[in-house]
Amino acid sequence: MQASSTDELVAVTGAGGFIGSHLVEALVNRGHRVRAFVHYNGAGSYGWLDTFGADQLAQVEVVAGDIRDRGMVQRLVDDVSVVYHLAALGGIPYSYLAPQSYVETNIVGTLNVLESARVAGSPRVVVTSTSEVYGTATSVPMTETHRLRGQSPYAATKIGADKLAESYHLSFELPVVTLRPFNTYGPRQSTRAVIPTIVAQLAREPDLIELGAVETTRDLVFVGDTVAAFIAVGSAPADRVVGQVFQAATGRETSVGELVRRIAGIFGADPQILVSDARLRPTGSEVERLLGDASLLRAQTGWAPVTSLDAGLKATVEWFLDPANLARYRVDRSV
């Protein structure tokens, strides 16, 4: 399959979520028609798609369903040129409590997407991985060949999904691309993630922050750059990307403690950091260091991050401090 044109129909699973909603928005802005798969719920919510304007939604066909339901997924992928598969159960702490839910959503859900695509005539499938599949870095910068290690049930299910994607390419020649973003942050992110946690706590109490491990480091990618990486691998010529795994990373690492300092500086605050046992991962599950190398993605697609950490943090803080946005969050929850 060659690169898709902007007037073709593409599908996005997990479209109501943090990265998924930004991806839908970007695809619409590029002129795509988008079939957006959101998780069905009794409230009738489409997640962050509910915040879209009428002009944007006019280009979006919203399908409410469950990624675990094979029949729903089959209807989703029929007649599309690319499937961007972002639907997943995230949040590492919750994976300790409900590992079976992660298996059913992240592994079985990915199987449903891959098999449905195969039956539908093999549109390109972009599978979303995560830097968590590596566990703590054994060498840096980390490349796509770094060993995989499931240090949490969440990470283990994402490894399983990655390997299913690999198997469908090798066994059935399904045109699969796996994108492995490092730690994406930005507007609309859940407060289960560290940057929104810091921002939300400072907005409520500028003198005190309660966190888990503060020495750990992460390679932080602004959501706009992550979305650009998805579009790059979804639209590039097949011979440059299909069958490959790509990392989206900045090649710079920042500790949680440094994040607090930078974000507090935006607030003009100087908070005390309280390390809470409730926010710490089990000892063997803590990923101490993540630092990625995006050379392969850059070489094959030309992608490179364009948003500096300071600029991304400023944009994120400004978005969260809008009362209408902050009101959507329960800042007292860590799971």
Side-chain angles (χ1 to χ4, degrees), residues 11-29 34 36-41 43 45-52 56-57 60 62 64 67 84-95 101-102 105-106 109-110 126-132 154-155 157-158 161 179-200 203 218-231 234 248-250 259 263 290 305 307 309 312-322 324-331 333-335:
V12 178
T13 73
F18 163 44
I19 302 175
S21 63
H22 283 283
L23 177 58
V24 170
E25 194 170 32
L27 289 166
V28 167
N29 289 341
V34 181
F37 194 66
V38 301
H39 190 252
Y40 175 84
N41 59 86
S45 169
Y46 292 163
W48 288 112
L49 298 186
D50 288 338
T51 66
F52 282 23
Q56 289 176 307
L57 285 176
V60 180
V62 181
I67 201 69
Y84 294 95
H85 175 43
L86 285 80
L89 189 55
I92 292 167
Y94 188 55
S95 77
S101 297
Y102 283 72
T105 301
N106 298 351
T110 299
V126 179
V127 172
T128 309
S129 184
T130 168
S131 55
E132 286 285 331
Y154 165 72
T157 61
K158 296 298 283 186
L179 182 65
R180 192 165 284 158
F182 276 64
N183 295 79
T184 302
Y185 71 97
R188 305 177 190 161
Q189 189 173 22
S190 167
T191 50
R192 293 173 303 193
V194 65
I195 289 175
T197 293
I198 295 169
V199 173
R218 296 293 185 264
D219 188 325
L220 298 158
V221 186
F222 188 66
V223 64
D225 290 327
T226 296
V227 163
F230 273 104
I231 293 173
T250 68
L259 277 176
I263 297 171
L290 292 172
T307 307
L309 180 58
L313 291 176
K314 185 174 184 292
T316 302
V317 170
E318 289 176 350
W319 184 90
F320 270 95
L321 290 185
D322 182 323
N325 295 329
L326 193 59
R328 293 175 174 269
Y329 289 87
R330 289 287 303 274
V331 299
R333 291 182 177 172
S334 60
V335 175

Thr250 vs Leu220 side-chain heavy atoms within contact, under 4.5 Å: no
Between Leu49 and Ala15, which heavy-atom pair has the shortest distance, and what is it? CD2-O, 3.5 Å
Just by modelled atom types, is the Trp319 backbone N or O under 3.5 Å from a matching donor or acceptor in the Asn325 side chain? yes
Quick one: closest heavy-atom pair of Val227 and Ile19, and the distance? CG2-O, 4.2 Å
Evaluate the ring planes of Phe230 and Tyr84, with Trp represented by its six-membered ring, and classify them as parallel (under 30°), tilted (30 to 60°) or perpendicular (over 60°). perpendicular
Name all residues meeting the side chain to side chain contact (heavy atoms under 4.5 Å, CB included) criterion together with Ala161; count only those two or more places apart in sequence or in a different chain, and write none if there are none. Thr110
How would you list, by chain and number, every residue that makes a side-chain hydrogen bond (donor to acceptor under 3.5 Å, both in side chains) with Ser190, sequence neighbours excluded? Arg192
Test side chain to side chain contact (heavy atoms under 4.5 Å, CB included) applied to Ala315 - qualifying residues, sequence neighbours left out: Phe222
Closest non-hydrogen atoms of Arg218 and Asn183, given as atom of the first, atom of the second and distance, are CD-OD1, 3.3 Å
Heavy-atom closest pair, residues Gly14 and Ala87: N-CB, 3.5 Å
Partners passing side chain to side chain contact (heavy atoms under 4.5 Å, CB included) against Ala193 (at least two apart in sequence or in another chain): Gln189, Pro196
Exam field: side chain Lys158 to backbone Thr128, donor-acceptor pair closer than 3.5 Å: yes
Which residues pass the ring-ring contact (aromatic ring centres under 6.0 Å, His included) test with Tyr154, not counting sequence neighbours? none
Value for CG (Leu23) from OG1 (Thr226), rounded to nearest 0.5 Å, stands at 10.5 Å
Residue pairs involving residues 14-28 (criterion salt bridge (Lys or Arg N to Asp or Glu O under 4.0 Å); sequence neighbours excluded): Glu25-Arg188
Would you find a donor on one side and an acceptor on the other, under 3.5 Å apart, between the side chain of Ser129 and the backbone of Leu179? no
With a 3.5 Å distance limit and no angle check, can you tell me whether His39 reaches the backbone of Gly16 through a side-chain donor-acceptor pair? no
Test of understanding: with side-chain hydrogen bond (donor to acceptor under 3.5 Å, both in side chains), list the residues that count as partners of Glu132, not counting sequence neighbours. Arg281
Partner residues of Ser101 under the side-chain hydrogen bond (donor to acceptor under 3.5 Å, both in side chains) criterion, sequence neighbours left out: none
Using side-chain hydrogen bond (donor to acceptor under 3.5 Å, both in side chains) as the criterion, list what pairs up with Ser95, not counting sequence neighbours. none
Restricting to ring-ring contact (aromatic ring centres under 6.0 Å, His included), what partner residues turn up for Phe182, sequence neighbours left out? none
Examine distances only and state if a side-chain atom of Thr105 and a backbone atom of Tyr102 form a donor-acceptor pair shorter than 3.5 Å. no
Results of ring-ring contact (aromatic ring centres under 6.0 Å, His included) for Phe320 - residues two or more places apart only: Tyr329
Minimal heavy-atom distance between Ala203 and Leu321, with the atoms involved, is CB-CD2, 3.9 Å
